[in-house]
Each structure stands twice: as structure tokens, then as C-alpha cells.
Amino acid sequence: QVQLVESGGGSVQTGGSLRLSCGASGYSDSSYCMGWFRQVPGAERERVAIIFSVDGSTNYADSVKGRFTISRDDAKNTLYLQMDSLKPEDTGMYYCAAREAWDSRCLFWDRYAYGYWGQGTQVTVSS
């Protein structure tokens with residue numbers, strides 16, 4: 001049973017920082033894509049940042065490039081999202097997701113391609 005559990009969300013002011021964590025258990029695939037999506041009410045869940053396990057390659061949404069950094073700690077089975085210079089438009093529910101993958105094309109797949117999800121953690125950025 002795969003479980004993804006997010007933590008680290010909260011409320012910050014514009015320009016602040018947060019670090020999200022996603023603890024993974026029961027996941028045995030050695031080749032996978034894992035990453036972060038966010039959703040606001042009434043909108044589609046959008047891809048924010050993804051990492052490919054084999055070579056550590058990453059893909060970021062244009063809106064977060066240069067401000068967010070995705071990383072992983074394999075020893076702790078944990079995925080991170082460091083969010084700096086936060087803006088009000090970064091507000092949303094952030095979800096951790098994972099799927100088995102054999103090449104880095106998974107970096108560009110949308111939410112429908114991901115089968116494992118966490119429960120989400122709320123990020124609120126006030127102006």
C-alpha cells in the first residue's frame with residue numbers, strides 16, 4: 001500500500017518561504033517520477049515541479065522557476081519543495097504525487113498520469 005503524506009504548509013506573507021515535505025511509504029519502484037501539484041477552488045490541479053528518480057532531472061512550471069526547488073532524500077524516502085519569494089498567486093492546496101516511469105518524459109505529464117496522491121497541504125500567501 002503506497003502512502004504519500006505531505007506536511008509543511010501554512011500561512012506566510014508575500015516574499016516569505018515555506019518548505020513542503022512528502023513522506024513516501026510502501027513505494028518500491030526504483031524508476032519513477034514524483035512531484036508537486038497545486039489546486040485552487042474551481043481550477044484544474046496544475047503541475048508545479050517534478051523530479052525523475054533515475055537521473056534527478058526536474059521540470060518546473062514557468063510561474064515558479066527560479067523561486068521553487070524540488071529535491072529528494074532517498075534515505076528518508078522524502079520529497080521536498082522549497083518555496084521562496086512566495087506570491088499570493090502561489091496560494092493553493094499542494095499535493096504530492098508519484099508514478100512509475102521509465103524515462104524523463106514523465107516530467108511533462110499532467111495530473112491524469114499520476115496514480116498515487118497525498119491528502120494535500122494548504123499554502124496561503126497574503127499580500
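Below, each value reflects all heavy atoms present in this structure, side chains not excepted, and no hydrogens, waters or symmetry copies. What you see is a predicted model; the values in this text were computed from it and never measured.
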- Message: Donor-acceptor pair, distance only, cut-off 3.5 Å: does the side chain of Gln119 make one with the backbone of Val5?
- Response: no

- Might you point out which heavy atoms bring Cys22 and Leu4 nearest each other, and give the distance in Å? SG-CB, 3.9 Å

- Which is it for Phe68 and Leu86 under the side chain to side chain contact (heavy atoms under 4.5 Å, CB included) test, yes or no, and what are the steps along the way? CA-CA 9 Å; Phe68 290 12; Leu86 282 161; 3.8 Å; yes

- Query: Can you find a pair of side-chain heavy atoms, one from Ser25 and one from Asn77, that are under 4.5 Å apart?
  - Reply: no

- Message: Within the structure provided, determine whether Met83 and Asp90 are in side-chain contact (heavy-atom separation under 4.5 Å).
- Response: no

- Task: Identify, with sequence neighbours excluded, every residue that meets ring pair (Phe, Tyr, Trp, His ring centres under 6.0 Å) alongside Tyr60.
- Result: none

- Contacts of type salt bridge (charged side-chain N to carboxylate O under 4.0 Å, His left out), residue Asp74, not counting sequence neighbours: Arg72

- Kindly state each residue pair satisfying side chain to side chain donor-acceptor pair (under 3.5 Å) with at least one member in residues 101-112, sequence neighbours excluded. Glu44-Arg111, Glu44-Tyr112, Asp103-Arg105

- Among the clusters formed by ILVMFWY side chains lying less than 4.5 Å apart, do Met34 and Ile50 turn up in the same one? no

- Message: Would you compute the distance between atom CG of Leu81 and atom OG of Ser21 and round it to the nearest 0.5 angstrom?
- Response: 9.5 Å

- Is the number of heavy atoms from other residues, nucleotides or ligands within 6.0 Å of CD (Gln122) greater than 12? yes

- Test ring pair (Phe, Tyr, Trp, His ring centres under 6.0 Å) applied to Phe37 - qualifying residues, sequence neighbours left out: Tyr114, Trp117

- Message: Among residues at least two apart in sequence or on other chains, which ones pass salt bridge (charged side-chain N to carboxylate O under 4.0 Å, His left out) with Glu46?
- Response: Arg38

If you look only at distance, which donor and acceptor atoms sit under 3.5 Å apart when one is on a side chain in residues 12-20 and the other is two or more places apart or in another chain?
unit_1: Thr14; atom_1: OG1; unit_2: Ser126; atom_2: O; d: 3.0
unit_1: Ser17; atom_1: OG; unit_2: Asp84; atom_2: OD1; d: 2.8

- Query: Mind checking whether Val2 and Tyr32 sit in one hydrophobic cluster, side chains of I, L, V, M, F, W, Y counted as touching below 4.5 Å?
  - Reply: yes

- Query: Is a side-chain N or O of Glu6 found less than 3.5 angstrom from the main chain of Thr121, in a donor-acceptor match?
  - Reply: no

- Query: Which residues pass the ring pair (Phe, Tyr, Trp, His ring centres under 6.0 Å) test with Tyr80, sequence neighbours left out?
  - Reply: none

- Query: Closest approach of Ala101 and Cys33, non-hydrogen atoms and distance?
  - Reply: CB-N, 4.0 Å

- Can you list every pair that meets salt bridge (Lys or Arg N to Asp or Glu O under 4.0 Å) and has a residue in residues 113-126, with sequence neighbours left out? none

- Message: Please say yes or no: joined through hydrophobic side-chain contacts below 4.5 Å, possibly via intermediate residues, are Val48 and Tyr116 part of one cluster?
- Response: yes

- Task: Measure from the side-chain N and O atoms of Thr91 to the backbone N and O of Val125, and report whether any donor-acceptor pair falls under 3.5 Å.
- Result: yes

- Item | Test side-chain hydrogen bond (donor to acceptor under 3.5 Å, both in side chains) applied to Asp73 - qualifying residues, sequence neighbours left out | none

- Only counting residues at least two apart or in another chain, list the ones meeting side-chain contact (heavy atoms from CB on, under 4.5 Å) with Val54. Ser31, Phe52

- Residues at least two apart in sequence or cross-chain that pass salt bridge (charged side-chain N to carboxylate O under 4.0 Å, His left out) with Asp62, listed by chain then number, are Lys65

- Message: Do Gln39 and Tyr95 have side chains that approach each other closer than 4.5 Å (heavy atoms only, starting at C-beta)?
- Response: yes

- Message: Test: salt bridge (Lys or Arg N to Asp or Glu O under 4.0 Å). Region: residues 118-127. Which pairs qualify, not counting sequence neighbours?
- Response: none

- Query: Looking at CE of Met93 and OG1 of Thr124, how far apart are the two atoms once the value is rounded to the nearest 0.5 Å?
  - Reply: 8.5 Å

